[in-house]
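What follows is a set of notes on a single structure, which appears directly below.
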Amino acid sequence: GIPATPPRPLATRRKTRQIMVGNVPVGGDAPVSVQSMTTTRTSDINATLQQIAELTASGCQIVRVAVPTNDDADALPIIAKKSQIPVIADIHFQPKYVFQAIDAGCAAVRVNPGNIKKFDDKVAEIAKAAGDARVPIRIGVNAGSLDKRLLAKYGKATPEALVESALWECSLFEEHGFRDIKISVKHNDPVVMVNAYRQLASACDYPLHLGVTEAGPAFQGTIKSAVAFGALLSEGIGDTIRVSLSAPPAEEVKVGAQILESLGLRERGLEIVSCPSCGRAQVDVYTLAEEVTAGLEGMEVPLRVAVMGCVVNGPGEAREADLGVASGNGKGQIFVKGEVIKTVPESKIVETLIEEAMRIAEEMGEA
Ligand code: SF4
């Protein structure tokens, strides 16, 4: 079968400095990490921790929480302490929350140059507090809240405007010797976003957090993010990613992980190779693929499972996979590592595949 090790990525990673978001390295030679953001009220500590636990279980490596009010800021110490993954406090408008977040033990703080006019006089103090606590800052520029000065200069949120805003804010921190920074320049249009990140990548050596902002509902947002991140990551640009969807955040994490796996930047987990079906199919491929996917959900081992509708490409693909089925005549030929191990009636295909997958996973675990 095909080895489960990652294929070679498309490009050499851009060289960046490395920062530590809690125990997760970002930039340098660190693997590209996946992050998300909670949708609960941060002040609702239990709900927020519950969602962070769900995100952690789905593979999220870093989580961001919004801090719009005093109550949210007050919740940060417990959340930062109890979260299984590093917590980034997302702060607009209120510099005092930055200090609270640092004191609370948050792993990083995100600030938005467009919304922090009040911050600029406080940069020295923020740089000092963050530097002393070794807390990195994300400078998160967003097309929807671009600095008014740059909006006036460029007329709209062009790539140049987004980049200038980010680098200006960096320069304020750099004046105080603070370089523990990562940057994002988000836009809802993947083309503008890709150009902005390309420019930013050539203008600095900070690690970059990729995001298409307000990407939309799950279907549209998934495609926009996959296309934009794919373009950038295939050029070696991008150190941590956040897929923004108008959908539960665990979905964002799954999409992010799948993007990295597709690009060979992360070891593949479970991969279902299923055919699109056609007029030759002798089995309901969609249902079969869905049932197999559902049955194997949560399996952590890298396993390639082929679900094929007929004997044209079926046996070939099924043989190339760790495990597979090629259907025909109301039966399924079950392949393991290239060998037909049995032929079962159609009604037994799903359970047989699941049984075999479990057995292989166990063997892998023991190996
Ligand atoms: Fe059609 Fe068979 Fe190919 Fe599936 S494997 S798409 S059913 S030819």
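Whatever order the structure lists ligands and atoms in, that order sets their numbers, starting from 1. Everything quoted here is computed from the prediction, not taken from an experiment.
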Going by atom types only, do T40 and T48 share a side-chain donor-acceptor pair under 3.5 Å? yes
How far is atom 1 (Fe) of ligand 1 from the closest protein heavy atom, and which atom is that? C278 SG, 2.3 Å
Under 2.8 Å: N/O/S of C310 next to atom 2 (Fe) of ligand 1: yes
For A281, the ligand 1 atoms with a heavy-atom partner under 4.0 Å come out as 7 (S)
Where the side chain of Y197 meets the backbone of H209, is there a donor-acceptor pair that is under 3.5 Å apart? yes
For ligand 1, which atoms, with element, lie under 4.0 Å from some heavy atom of R280? 8 (S)
Pairing donors with acceptors under 3.5 angstrom, does anything connect the side chains of N112 and S145? yes
Closest protein heavy atom (residue, atom, distance) for atom 3 (Fe) of ligand 1: N313 ND2, 3.7 Å
Surrounding CZ of R359 (heavy atoms of other residues, nucleotides or ligands, distance under 6.0 Å), is the total greater than 12? yes
Atoms in ligand 1 flagged as close to G309, the criterion being non-hydrogen separation under 4.0 Å: 4 (Fe), 5 (S), 7 (S)
Nearest heavy-atom approach of H176 to V123 is CD2-CG1, 3.7 Å
Is I341 reachable from V350 through a run of I, L, V, M, F, W or Y residues, each pair having side-chain heavy atoms under 4.5 Å apart? yes
Short N/O/S contact of C275 with atom 4 (Fe) of ligand 1 (below 2.8 Å): yes
